[in-house]
Amino acid sequence: QVQLVESGGGLVQAGGSLRLSCAASGSIFRINIMGWYRQAPGQQRELVATIISGSNTNYADSVKGRFTISRDNAKNTVYLQMNSLKPEDTAAYYCYFNVRRSEYGPDYNYWGQGTQVTVSS
């Protein structure tokens with residue numbers, strides 16, 4: 001199995017910054033995709049950012065230029081640096097890993113437990 005542990009959420013004023021981290025442990029041969037999603041109350045979970053390799057990143061239009069996703073393969077960890085935060089960024093943030101657990105095995109999707117980010121105006 002694979003476990004994901006998130007950290008770094010909290011309460012911040014508009015214009016402030018937060019950094020989220022998510023570390024994976026367990027049976028991992030290769031992590032294909034790392035990413036972050038978020039879900040606000042009453043809304044569907046939405047993509048924030050994904051990273052496949054160091055330079056292959058994808059961002060939601062709403063966070064482009066403000067958020068930066070990065071990964072540390074040696075630590076099986078993904079980060080989300082969030083700057084210029086807005087009240088509309090308030091949501092539970094979930095990390096997502098697509099993992100191959102053995103060399104010739106299938107890929108599996110895993111989710112973190114979620115961390116709350118609240119941006120006050």
Side-chain angles (χ1 to χ4, degrees):
Q1 265 292 6
V2 175
Q3 297 78 39
L4 304 185
V5 178
E6 299 182 32
S7 62
L11 173 65
V12 64
Q13 289 187 335
S17 299
L18 283 175
R19 188 191 195 211
L20 306 183
S21 301
C22 180
S25 61
S27 179
I28 299 171
F29 173 75
R30 183 181 68 232
I31 299 174
N32 300 313
I33 304 171
M34 299 180 180
W36 291 93
Y37 286 71
R38 66 186 181 187
Q39 187 169 19
Q43 298 187 19
Q44 290 188 334
R45 190 171 295 188
E46 63 175 5
L47 170 72
V48 176
T50 58
I51 182 167
I52 297 177
S53 64
S55 59
N56 192 342
T57 58
N58 179 52
Y59 294 93
D61 288 343
S62 60
V63 306
K64 283 181 181 177
R66 301 188 297 122
F67 291 11
T68 302
I69 189 170
S70 60
R71 61 190 282 175
D72 185 332
N73 292 327
K75 295 181 179 179
N76 291 336
T77 299
V78 64
Y79 305 97
L80 185 68
Q81 178 66 44
M82 305 184 292
N83 299 328
S84 302
L85 282 160
K86 304 176 181 180
E88 50 263 45
D89 294 318
T90 295
Y93 284 70
Y94 298 88
C95 60
Y96 159 78
F97 281 38
N98 179 265
V99 176
R100 178 158 296 184
R101 291 166 52 183
S102 60
E103 185 173 3
Y104 301 108
D107 299 330
Y108 295 89
N109 296 321
Y110 295 95
W111 293 89
Q113 79 278 12
T115 186
Q116 181 66 33
V117 171
T118 303
V119 184
S120 62
S121 57

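Sorted by first and then second residue, the disulfide bond (SG atoms under 2.5 Å apart) pairs with a member in residues 67-121 read Cys22-Cys95; sequence neighbours excluded. A ring pair (Phe, Tyr, Trp, His ring centres under 6.0 Å) check over residues 69-100, counting only residues at least two apart or in different chains, returns the pairs Tyr37-Tyr96, Tyr96-Trp111.
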As a quick check of understanding, evaluate side-chain contact (heavy atoms from CB on, under 4.5 Å) for Gln116 and Leu11, giving each step before the final call. CA-CA 8 Å; Gln116 181 66 33; Leu11 173 65; over 6 Å; no
What verdict does the side-chain contact (heavy atoms from CB on, under 4.5 Å) test give for Met82 and Asp89, after you've listed the backbone C-alpha separation in whole Å, the side-chain angles of each residue and the deciding distance to 0.1 Å? CA-CA 10 Å; Met82 305 184 292; Asp89 294 318; over 6 Å; no
Give the table of side-chain donor-acceptor pairs shorter than 3.5 Å for residues 39-52, with sequence neighbours excluded, one pair per line with atom names and distance.
from  : atom 1 : to    : atom 2 : distance (Å)
Gln39 : NE2    : Gln43 : O      : 3.1
Glu46 : OE2    : Arg38 : NE     : 2.7
Glu46 : OE2    : Arg38 : NH2    : 3.3

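With hydrophobic clusters built from ILVMFWY side chains whose heavy atoms lie under 4.5 angstrom apart, Leu4 does not share a cluster with Phe29.
Taken from OG1 in Thr57 to CZ in Phe67, the straight-line distance is 14.0 Å, to the nearest 0.5 Å. Interatomic distance, Ile69 CD1 to Asn58 CG, rounded to the nearest 0.5 Å: 9.0 Å. Annotation: the span from Asp107 atom CG to Arg101 atom CZ amounts to 11.0 Å, rounded to 0.5 Å. Put simply, CG on Leu20 and CG on Leu80 are 5.0 Å apart, with the number rounded to the nearest 0.5 Å.
Checked for salt-bridge contact, Lys64 and Asp61 meet the test: a charged N lies under 4.0 Å from a carboxylate O.
Taking both residues in full, the closest heavy atoms of Met34 and Val78 are given as SD-CB, 3.5 Å, listed atom of the first, atom of the second, then distance. Here the shortest heavy-atom pairing between Leu85 and Arg66 reads CA-NH1, 3.9 Å. Between Ile28 and Ala24, the shortest heavy-atom distance links the atoms CD1-CB, 3.8 Å. In this structure, Ala14 and Ser121 approach most closely via the heavy-atom pair CB-CA, 4.3 Å. Of all heavy-atom pairs between Ser17 and Asn83, the closest is OG-OD1, 2.9 Å. When every heavy atom of Val119 is checked against every heavy atom of Lys86, the shortest pair comes out as CB-O, 3.3 Å.
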